[in-house]
Structures are given as C-alpha cells and as structure tokens.
Trainee: 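Sending over a structure as structure tokens; questions will come in a sec.
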Amino acid sequence: RIETCIKNWQALFEVIFFCIFVQNFHCMHAYKFRITSDENDEFLREIDVLANQTFEDFHKSLVNTCKFAGNELASFYLCDNQWRKRREITLMDMNMGGDDDEKHGDSTIIMKDAKLNQIIDDPHQKMLYVYDYLKMITLNIELLKIAPADMTYHFPVVSKEISEILKKKKKTTKIID
C-alpha cells in the first residue's frame, strides 16, 4: 500500500514536472515596446519583438515602419527612468582598435550580437534610438510588457502605427501686393 502511494506520487510529480518544463520550454515571449518622438507628438508605434531576437532585428523594424532610408548609422541607448543614457548598443563596431573600453568593462555592444533578453532586465526599460547622427532623429522607446508570443505572426510585429516621424510641412502661399 505504501509502495503504491509512493509510485502514484512519483507519477504525479513526473507529470507536473513535465508539464512545467514543456510549457516553459516552448513558450516564447515577446517584448511590446511603445515608440514616440519629441519631433511629432502624434507619432506612435507599438512593436512586438521576440525576446530572443536581436537589437538589429528591432532596428530593421524601426527603419521599415519609420520609412528611413536604412543607410545611416544608428544606436540604441539603454536609459534610466529619467531617460539618462547608460549604455550604447551600436549598429556596427566603431572601436578604433583601442582597448581602453574593455579595460573599463564598457566593451561595445553590437546590435547583431545582442539579443533583447540578454540585455534588457528591467520590465519597464526605457531606451533612446538615434538614427542618422547628422540629423539626430531620436525616438523614445519604452517596454510596455512582456507576454507569451503568438507564434502565428512573423516577428517583429508593428501592432500600432499612428502618424509619420516627421510632420509634413504645410505649403504656405505668399501673397505679394
């Protein structure tokens, strides 16, 4: 009788462990970000990116949805709650051979090498995205939530799109008397 009870408990434990393991193993999460701009108060994007996708994937999604040319340098900056830049994630390695950064523990993070879930540990992470250092187009990015991903979609997914990054200037007519 005791042996039967122990076997039942072991079987139950195995089923519970298997269910938890399978659920966690197969459950991919997506990060939902809100993107705004100080240039245009009406501009808004919400983009879902898989946790194991790279910052380069996120960058390409931003380039597409914002209709940027895609041929300029760009960086993400991890920020604190007051939007102060803390850590840069660059499109390409701009380190000119000096290893002062590595001595100080600030080695360059490259977008294609950095997965979101390796870098983002704050559930309300704030970031700045700077595109084209001559024009300094800057986007404010906030992590809204982390949720199970619907794998029927192809990620990244732009789930909300309002206005363009730069307001179109109204044509003015000058009347000369």
Trainee: Looking at Arg34, Lys145, Lys32, which one forms a salt bridge (Lys or Arg N to Asp or Glu O under 4.0 Å) with Asp48?
Mentor: Lys32
Trainee: Determine whether Ile47 and Tyr31 satisfy the following criterion, side chain to side chain contact (heavy atoms under 4.5 Å, CB included), listing intermediate values before the conclusion.
Mentor: CA-CA 8 Å; Ile47 301 177; Tyr31 290 24; over 6 Å; no
Trainee: How about Thr54 and Asp57: does a side-chain donor come under 3.5 Å of a side-chain acceptor?
Mentor: yes
Trainee: Just checking Phe58 against Phe33, ring centres under 6.0 Å apart?
Mentor: yes
Trainee: Between Tyr131 and His59, do the side chains contain a donor N or O and an acceptor N or O under 3.5 Å apart?
Mentor: no
Trainee: Starting at CZ of Arg45, measure out to SG of Cys66 and round the result to the nearest 0.5 Å.
Mentor: 5.5 Å
Trainee: Minimum heavy-atom separation for Met127 and Trp83, please, with both atom names.
Mentor: O-CZ3, 3.1 Å
Trainee: For residues Ser75 and Tyr133, is any side-chain donor paired with an opposing acceptor at under 3.5 Å?
Mentor: yes
Trainee: Quick check: closest heavy atoms across Leu44 and Lys160, and the distance to 0.1 Å?
Mentor: CD2-CD, 3.4 Å
Trainee: Can you check whether Glu164 reaches Lys67 side chain to side chain, under 4.5 Å on heavy atoms?
Mentor: yes
Trainee: Nearest 0.5 Å please: distance from the OG atom of Ser159 over to the CG atom of Leu144.
Mentor: 9.0 Å
Trainee: Report yes if the side chains of Lys112 and Leu91 come closer than 4.5 Å at any heavy-atom pair, otherwise no.
Mentor: no
Trainee: Just how far is it from atom CG of Asp122 to atom CG of Asn81, taken to the nearest 0.5 Å?
Mentor: 6.5 Å
Trainee: Val63, Ile110: one ILVMFWY side-chain cluster at the under-4.5 Å cut-off?
Mentor: no
Trainee: With a sphere of 6.0 Å drawn around NZ of Lys126, does it hold more than 12 non-hydrogen atoms of other residues, nucleotides or ligands?
Mentor: yes
Trainee: Atom CE in Met92, atom CG in Leu73: separation rounded to 0.5 Å?
Mentor: 5.5 Å
Trainee: Please round to the nearest 0.5 Å and tell me the distance separating atom CD of Glu39 and atom CG of Leu139.
Mentor: 9.5 Å
Trainee: Measuring only between side-chain heavy atoms, which start at C-beta, is Asn52 closer than 4.5 Å to Met28?
Mentor: yes
Trainee: Taking only residues two or more places apart in sequence, or in another chain, which ones meet Phe55 in a ring pair (Phe, Tyr, Trp, His ring centres under 6.0 Å)?
Mentor: Phe76
Trainee: Taking the side chain as everything from C-beta on, heavy atoms only, tell me whether Leu128 gets closer than 4.5 Å to Lys85.
Mentor: yes
Trainee: Could you tell me the separation between the OG atom of Ser37 and the OH atom of Tyr129, rounded to the nearest 0.5 Å?
Mentor: 12.5 Å
Trainee: Side-chain contact, heavy-atom cut-off 4.5 Å: Met136 with Val130?
Mentor: yes
Trainee: Are side-chain heavy atoms of Ile120 and Gln125 found at a separation under 4.5 Å?
Mentor: yes
Trainee: Heavy atoms only: give me the nearest Gln53-Pro156 pair and the separation to one decimal.
Mentor: NE2-CD, 3.4 Å
Trainee: Pair Arg87, Ile109 - check side chain to side chain contact (heavy atoms under 4.5 Å, CB included), show working.
Mentor: CA-CA 9 Å; Arg87 190 90 196 262; Ile109 301 173; 3.6 Å; yes
Trainee: If the condition is side chain to side chain donor-acceptor pair (under 3.5 Å), which residues does Asn140 pass it with, not counting sequence neighbours?
Mentor: Asp38
Trainee: A side-chain contact here means heavy atoms from C-beta on lying under 4.5 Å apart; do Ile165 and Asn40 qualify?
Mentor: no
